[in-house]
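Okay, so here's the structure we're looking at.
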Amino acid sequence: MAKRLLSALVGAAIGITIIAIDNIWLYTAAVTFLGVIGVWELIRAVKCTEFKLLTFVCLGIAAAAPSILIFNHYTLVMPIFGMFVLSLFAIMLAKHKRIKFEHIAMCGSAAMLIPAALSCIIKFRFYAAEADTTYGVFLIVYLLFCAWFGDSGAYFVGTFLGKHKLCPNVSPKKTVEGFIGGVVTVGVCVFLEALVFNLFIFTDRQIDYLVVVIFGMLASVLGVLGDLSASVIKREFGVKDFGSIMPGHGGVLDRFDSVLFVAPFIFIVFRYFSPLAA
């Protein structure tokens, strides 16, 4: 428990520092680092690290993807990702006796989807807030609250009130009561976040409480889906944790599995459909 708490404090300190600086280059470096580590963890979990060239190519695109997506290099997206897909099939043809399509599909999709999902965090912040640092910080914190507080709420509610198993064959400890408690916890936390910003920080805008609570709770449901999806992969390939970069918590994917599902949802909703603030 002490190791887990210390690791969480160190991670929180790093995260708070990055958010406080609120610099797009620093965000991009952080997302690139997390994306590359996350892709490596998944490639290792599905037992594909023995394919050196495939691993190298996938890690290369994982490192390049955030910069391409965040800085709107749209003219590069199709050529680079197209060449990546072609290179995957070239590797499969060259090494067809060892590398099967399932290896290409797993590693290739991980290399594109994990960095793309993480990049949505930064796209959300700068598309919605642009140069408004205070509002941008609110957005980043809001997204992370939606992804992470549900897990904490589910743990405590499930521990004391949990009776009905949610997905016993996938995650035996998760309960229906814990799931509901996690969703409600997210609703309360994002409401309190909006309240603090409205009362003490914002002067030229007001956050819509109903909007942030409704979509925050919906996002927390997707966070559970991300968590359960990661559990399925770990069970299928017989691994306890994806990594050990965060002692007591596991790897990047163990900590960010919910974020990978929540970030694209939050970005799409508030970029194209519903404003957070008036």
Side-chain angles (χ1 to χ4, degrees), residues 7 11 14 27-70 76-122 147 151 170-171 222-223 225-264:
S7 178
I14 295 173
Y27 281 137
T28 304
V31 164
T32 300
F33 172 77
L34 293 173
V36 170
I37 298 300
V39 171
W40 163 254
E41 289 176 349
L42 191 57
I43 290 175
R44 181 175 58 186
V46 299
K47 311 296 191 293
C48 285
T49 51
E50 62 180 291
F51 310 130
K52 304 299 184 183
L53 182 57
L54 175 61
T55 300
F56 176 79
V57 170
C58 288
L59 293 180
I61 198 67
S67 294
I68 296 171
L69 297 171
I70 291 166
L76 299 177
V77 172
M78 291 305 295
I80 290 179
F81 283 98
M83 290 299 296
F84 172 63
V85 173
L86 291 176
S87 68
L88 292 180
F89 281 96
I91 292 171
M92 183 180 70
L93 290 173
K95 305 288 185 179
H96 65 275
K97 290 185 178 180
R98 296 178 61 231
I99 300 180
K100 307 303 180 184
F101 176 72
E102 63 190 65
H103 302 134
I104 294 294
M106 288 187 294
C107 297
S109 59
M112 290 190 289
L113 295 178
I114 291 174
L118 291 173
S119 297
C120 286
I121 301 173
I122 307 175
D151 187 47
V170 175
S171 185
L222 289 180
L225 180 61
D227 186 31
L228 291 175
S229 298
S231 296
V232 168
I233 295 172
K234 287 188 285 188
R235 279 185 171 274
E236 183 172 340
F237 290 93
V239 296
K240 182 179 184 296
D241 293 315
F242 282 109
S244 57
I245 194 172
M246 300 176 67
H249 294 268
V252 168
L253 292 183
D254 295 294
R255 185 69 274 179
F256 284 82
D257 50 9
S258 298
V259 176
L260 295 178
F261 281 61
V262 170

Show which side-chain atoms of residues 104-119 pair as donor or acceptor with protein atoms under 3.5 Å away, not counting sequence neighbours.
from, atom 1, to, atom 2, distance (Å)
Ser109, OG, Ala105, O, 2.7
Ser109, OG, Met106, O, 3.1
Ser119, OG, Pro115, O, 2.7

Output side-chain donor-acceptor pairs under 3.5 Å for residues 76-95, partner residues at least two apart or in another chain, one line each.
from, atom 1, to, atom 2, distance (Å)
Ser87, OG, Met83, O, 3.3
Ser87, OG, Phe84, O, 2.5

Exercise. Is the closest side-chain heavy-atom distance between Ile233 and Val239 below 4.5 Å?
Worked result: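 Ile233 does not reach Val239 side chain to side chain.
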
Exercise. Less than 4.5 Å apart, any side-chain heavy atom of Asp254 and any of Met246?
Worked result: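 Side chain of Asp254 against side chain of Met246, heavy atoms only: no contact under 4.5 Å found.
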
Testing the basics here: between [X] and [Y], what is the closest heavy-atom pair and its distance to 0.1 Å?
X	Y	value
Ile245	Glu41	CG2-OE2, 4.2 Å
Val39	Ala62	CG2-CB, 3.7 Å
Leu253	Gly38	CD1-O, 3.3 Å
Thr32	Ala63	CG2-O, 3.5 Å
Leu228	Ser171	CD2-CB, 3.9 Å
Ile70	Ile122	CD1-CD1, 3.3 Å

Exercise. Nearest 0.5 Å, what's the NZ-SG distance between Lys100 and Cys48?
Worked result: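 It is 12.5 Å, given to the nearest 0.5 Å.
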
Exercise. Of all residues at least two apart in sequence or in a different chain, which pass the side-chain contact (heavy atoms from CB on, under 4.5 Å) check with Asp227?
Worked result: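 Asp227: side-chain contact (heavy atoms from CB on, under 4.5 Å) contacts with Asp151, Lys174, Ser231, Asp257, Ser258.
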
For this session: For Thr49, check side-chain contact (heavy atoms from CB on, under 4.5 Å) against everything at least two apart and list the hits.
Result: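 In terms of side-chain contact (heavy atoms from CB on, under 4.5 Å), with neighbours along the sequence ignored, Thr49 is linked to Trp40, Ile43, Arg44.
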
For this session: Begin with the C-alpha distance, continue with both residues' side-chain angles, and end with the deciding distance and a verdict on side-chain contact (heavy atoms from CB on, under 4.5 Å) for Val57 and Leu53.
Result: CA-CA 6 Å; Val57 170; Leu53 182 57; 4.2 Å; yes

For this session: Taking ring-ring contact (aromatic ring centres under 6.0 Å, His included) as the test, write out the residues that go with Phe256, two or more places apart.
Result: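 Phe256: ring-ring contact (aromatic ring centres under 6.0 Å, His included) contacts with Trp148.
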
Problem set entry | Partner set under ring-ring contact (aromatic ring centres under 6.0 Å, His included) for Phe51, not counting sequence neighbours |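 So Phe51 forms a ring-ring contact (aromatic ring centres under 6.0 Å, His included) with His103.
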
Exercise. Residues two or more places apart in sequence or in another chain: which of them pass side-chain hydrogen bond (donor to acceptor under 3.5 Å, both in side chains) with Arg98?
Worked result: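 Testing Arg98 for side-chain hydrogen bond (donor to acceptor under 3.5 Å, both in side chains), a comparison that skips the adjacent residues, returns Glu50.
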
Problem set entry | Enclosure of Phe237 CZ (heavy-atom neighbours >12, cutoff 6.0 Å) |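 Yes, CZ of Phe237 has more than 12 neighbouring heavy atoms, counting only those of other groups under 6.0 Å.
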
